[in-house]
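Here is the structure we will look at.
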Amino acid sequence: FLFGMCSGVRRSCGVPLLIGAGSMHAVADVERVLESEVEDLGFELVDVRWGGSGRRPVLRIRIDREDSRPENGVTVGDCAKVSRALEARLDEHEALSERYVLEVSSPGVERPLKKARDFDRFSGERVVIKGREVLAGRSHRLEGELLGLDGSAGQSEAIRLRLADGDEVVVPRSKIRDAHLVFTWK
């Protein structure tokens with residue numbers, strides 16, 4: 001993990017807020033800046049988490065390579081490069097005040113699946129999905145082989161999963177609160 005300095009974030013019921021008018025708009029704007037800068041550097045923005053306090057907010061981001069696999073993932077040098085580039089952009093951003101902590105890391109071996117493209121990219125991999133309610137009439141937590149994503153923008157997207165017993169289930173993406181890869185020791 002690498003750190004840089006910045007400020008202006010508050011948490012309200014787990015939702016990050018920047019100090020000042022148009023706070024939620026400012027959060028979205030900062031996240032767009034992050035995504036654009038990370039992509040310009042040749043990486044993918046996997047996750048953004050806001051934390052800390054109003055006096056010392058923490059901005060945690062996870063990056064990955066578009067083609068990463070366990071043997072060729074993000075390095076410490078990659079995180080340092082992205083951190084330096086982001087600090088320069090965030091320091092200029094008018095919605096952020098002078099103090100903040102920026103943490104840049106890899107997504108880890110149990111990479112979160114956040115975007116629609118993640119569910120296609122990692123098709124064939126072992127995953128865990130957790131739901132807001134019971135999923136596919138079975139449990140709040142399902143583990144199995146990811147078969148992909150059905151549907152598209154404008155339609156109801158659903159995750160297809162093959163469970164350990166061989167059954168295939170379809171879970172609406174809107175019912176999933178968390179999904180991530182499962183690391184298997186070999």
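We use all heavy atoms of the structure for the numbers below, so side chains are in, but hydrogens, waters and symmetry mates are not. The model shown is predicted, which means the values in this text are computed figures rather than measured ones.
- Separating the NE2 atom in His140 from the CD atom in Glu133 is a distance of 8.0 Å, to the nearest 0.5 Å.
- Taking hydrophobic clusters as Ile, Leu, Val, Met, Phe, Trp and Tyr residues chained together by side-chain heavy-atom distances below 4.5 Å, Leu181 does not share a cluster with Val109.
- Test Val82, Val38, Asp64 against Leu45 for side-chain contact (heavy atoms from CB on, under 4.5 Å) and you get one pass: Val38.
- For Glu31 against Val48, the heavy-atom pair with the smallest separation is OE2-CG1, 3.7 Å.
- The existence of a salt bridge linking Glu87 and Arg89 is excluded, since no basic side-chain nitrogen approaches an acidic carboxylate oxygen closer than 4.0 Å.
- Contact detail for Val128 and Arg141: the closest heavy-atom pair is CG2-NH2, 3.3 Å.
- The number of heavy atoms from other shown groups lying within 6.0 Å of NZ (Lys114) is above 12.
- Hydrophobic cluster membership is shared by Leu135 and Phe119, with clusters built from Ile, Leu, Val, Met, Phe, Trp and Tyr side chains linked at under 4.5 angstrom.
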Under 3.5 Å, which donor-acceptor pairs do the side chains of residues 162-170 form with other protein atoms, sequence neighbours left out?
| from | atom 1 | to | atom 2 | distance (Å) |
| --- | --- | --- | --- | --- |
| Arg162 | NH1 | Glu145 | OE1 | 2.8 |
| Arg162 | NH2 | Glu168 | OE2 | 3.1 |
| Asp165 | OD1 | Asp167 | N | 2.9 |
| Asp165 | OD2 | Arg138 | NH1 | 3.4 |
| Asp167 | OD2 | Arg138 | NH2 | 2.6 |

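- Leu147 and Ile129 are assigned to two separate hydrophobic clusters, defined by single-linkage of ILVMFWY side chains at heavy-atom distances under 4.5 Å.
- Taking the charged nitrogens against the carboxylate oxygens, Arg111 and Glu44 do have a contact shorter than 4.0 Å, which makes a salt bridge.
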*Between Ile63 and Asp47, does a side chain to side chain contact (heavy atoms under 4.5 Å, CB included) hold up when you go through it step by step?*
CA-CA 7 Å; Ile63 62 169; Asp47 194 24; over 6 Å; no

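- The shortest non-hydrogen separation linking Leu146 to Asp118 is CD2-O, 4.4 Å.
- Not one N or O on the side chain of Ser105 forms a donor-acceptor pair closer than 3.5 Å with the backbone of Arg62.
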*Stepwise side chain to side chain contact (heavy atoms under 4.5 Å, CB included) test for Asp178 and Ile176*: CA-CA 6 Å; Asp178 183 52; Ile176 297 172; 5.6 Å; no

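- Here the straight-line distance linking atom OG of Ser174 with atom CZ of Arg132 works out to 7.5 Å at 0.5 Å rounding.
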*Decide yes or no on side chain to side chain contact (heavy atoms under 4.5 Å, CB included) for Val101 and Leu59, but give the supporting numbers first.*
CA-CA 6 Å; Val101 175; Leu59 180 56; over 6 Å; no

*Please report the C-alpha distance between Leu142 and Val127 in whole Å, then the side-chain angles of each, then the deciding distance to 0.1 Å, and finally whether the side chain to side chain contact (heavy atoms under 4.5 Å, CB included) criterion is met.*
CA-CA 8 Å; Leu142 297 175; Val127 299; over 6 Å; no

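- For Thr75 (side chain) and Asp78 (main-chain N/O), a donor-acceptor pair under 3.5 Å exists by modelled atom type.
- Considering all non-hydrogen atoms of both residues, Ser106 and Val74 come closest at CB-CB, 3.9 Å.
- Minimum interatomic distance between Arg160 and Asp150 (heavy atoms only, all atoms of both residues): CD-OD2, 2.7 Å.
- Formation of a donor-acceptor pair under 3.5 Å by the Arg121 side chain with backbone atoms of Ala116 is not found in this model.
- In this structure, Val171 is a member of the same hydrophobic cluster as Phe122, with clusters built from ILVMFWY side-chain heavy atoms closer than 4.5 Å.
- Across every non-hydrogen atom of Glu110 and Phe183, the tightest pair is OE2-N, 3.1 Å.
- Both Leu149 and Leu113 belong to a single network of hydrophobic side chains, linked directly or stepwise wherever heavy atoms of I, L, V, M, F, W or Y lie under 4.5 Å apart.
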